[in-house]
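Sequence lines set the chain letters: A, B, ... in the order given, protein chains first and strands last, and positions in each chain run from 1.
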Number of protein chains: 2
Amino acid sequence: MNTSQDVVDFVRNGHLHYLPHLSIDCVIFGYHANQLKTLLLRYHGHEQWSLPGGFVRRHEPLSEAAHRILATQTQIADLFLQQFHTFGDGSTRLNRIETQQIHNRIFAKAGVAIAEDHWLSERTLSVGYYALVDYLSVTITPDFLVEEYAWCDVDAIPSLLFDHQEIIEKALLTLRDQLYQQPIGARLLPAKFTLPEIHALYETILGKPFDRRNFRKKLLALGLVRQLPEQRRIGAHRSPYLYEFDPENYHRALEEGSVLAG
Amino acid sequence: MNTSQDVVDFVRNGHLHYLPHLSIDCVIFGYHANQLKTLLLRYHGHEQWSLPGGFVRRHEPLSEAAHRILATQTQIADLFLQQFHTFGDGSTRLNRIETQQIHNRIFAKAGVAIAEDHWLSERTLSVGYYALVDYLSVTITPDFLVEEYAWCDVDAIPSLLFDHQEIIEKALLTLRDQLYQQPIGARLLPAKFTLPEIHALYETILGKPFDRRNFRKKLLALGLVRQLPEQRRIGAHRSPYLYEFDPENYHRALEEGSVLAG
DNA sequence: CCAAAAGTGTTCCCACTACACCCATGT
DNA sequence: ACATGGGTGTAGTGGGAACACTTTTGG
């Protein structure tokens, strides 16, 4: 939503166009400087951070809604989006009044109030999607209601609104579970990357160390990556070679669930 | 719902107590005679079969709703229930009129009609849960609206209402993916089972053959099962030994994702 | 010259694979 | 006796694990 008027329209007429009681929350993962990060935002009037999210139109396919929500908040060239869980157990149980207050503080920026019987004040389940993006190719389309955006290291997530903490944790677990079934490496890394980069990425996601030599051996033995003649300059150190994924072997390995050396 | 009056109340006042636009569907897996089966039901007035399902109360945690729905339709001692996907892309896109007609045929048994603007006629997303049960210890609590229940072999599923076909397929894929992370074997088998039983179960779920000797060797090497002195009589053949799971080793192996021999 | 990071090869052993014959039971 | 299904062991090998020194680069 780009203008105050958009927001007012949404609050007044949203119930005609969106499904109540259901939202979509997106955990956007990126990888930079050997750190796994997620994109968070902070609404006007709140100190706590939130996940990007939105609502489903009344006749819109669910996955289409997730893509639309992501597309309106960020401009991401090549997007991988995956549903991972639906949250409705509310470890963070908010009552109607609390929900109303949170929304009122958000929407105050547009000078519009949310009543206690407004649909946004009601209980809302949330479908969680995770997105994998190339950190460097993301640009953000600022939303009228959002005061700031930030990439946060996943091991230093600040205090979050609603049950977004729980959603991120589940997304991380899913990432770990699916590392050998989904093209997670290829989506988080740029087209050309170094061995230390992919090595650190796997260590970060799985939370355990891998022997560098065995790791490279396995990648090459499975034909997952190809070494390029180019090198990258990284300052006062030896220049690492660049690699690229071999799409065919990579996707075959994902289907078979081939596990890398540990 | 046990009586005509229950059904009438539900149709008239359900919107006050349940969340609209959202249902829960349960794929109940059981294992018997070396066949993986799911429990299906057929509503009065329909030739097609359906998954057991229901709606979420307005302030009821989602997983609690799933347990309640299962508990009212079946009496299952020891239940393992796991959310696996939320369906809202509608490969089976039904419009309002078609949805209304399906519900009208179901609810006709109670002599109550569903209007075109009734909440049950509207677009509904579905949260899929799969349950693992010990086939022999399930007893069914007949529902007023259901004409018959049946366990169907998963490789001979009949034509189903709504998008239930897709839901079962996704449940089976999930079962396959999670066989080494969730206690699927232990929940589908009775407390004591034979090696040929568990062997065939793994072959069925993963859809590929395992060498009998290597399979047993691996189970014992990981300490997953203990051989008991008892045997089972199986008619005109040699009596197989009974085994039981070693809970401690079994759960440790699941956490590590240990893979059995292929 | 030094500090920091990247590149690289070998050995050992365990665990997976492949494989076939005998035994128990009921008819 | 026979048909059916269950029980059981070994040998070979390939892949995973462990492990340390050299090279590059910039300051």
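Taking side-chain N and O atoms only, B:Lys218 has a distance below 4.0 Å to OP1 or OP2 of C:dC16.
Side-chain polar atoms of B:Tyr130 and B:Gln182 form no donor-acceptor pair below 3.5 angstrom. Between the side chains of B:Glu203 and B:His199, at least one donor N or O lies within less than 3.5 Å of an accepting N or O.
The distance between atom CG of A:Leu220 and atom C1' of C:dT8, rounded to the nearest whole Å, is 12 Å. Look at CG on A:Leu219: it is 16 Å from P on D:dG15, rounded to the nearest Å. In this structure, A:His199 places its NE2 atom 10 Å from P of C:dA6, rounding to the nearest Å.
One finds the CD atom of A:Glu169 at 7.5 Å from the CG atom of A:Leu173 (value rounded to the nearest 0.5 Å). Here the straight-line distance linking atom CG of A:Asp155 with atom CD of A:Gln35 works out to 5.0 Å at 0.5 Å rounding.
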Walk along nucleotides 5-14 of chain D from 5' to 3' and tag each nucleotide B, S or - by protein heavy-atom contact under 4.0 Å, base first, then sugar-phosphate. BBBBBB----

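A salt bridge links B:Glu244 with B:Arg226: at least one charged nitrogen is closer than 4.0 Å to a carboxylate oxygen.
Note on ring orientation: taking the six-membered ring where Trp is involved, the planes of A:Phe84 and A:Phe87 are perpendicular (angle over 60°, cut-offs 30° and 60°).
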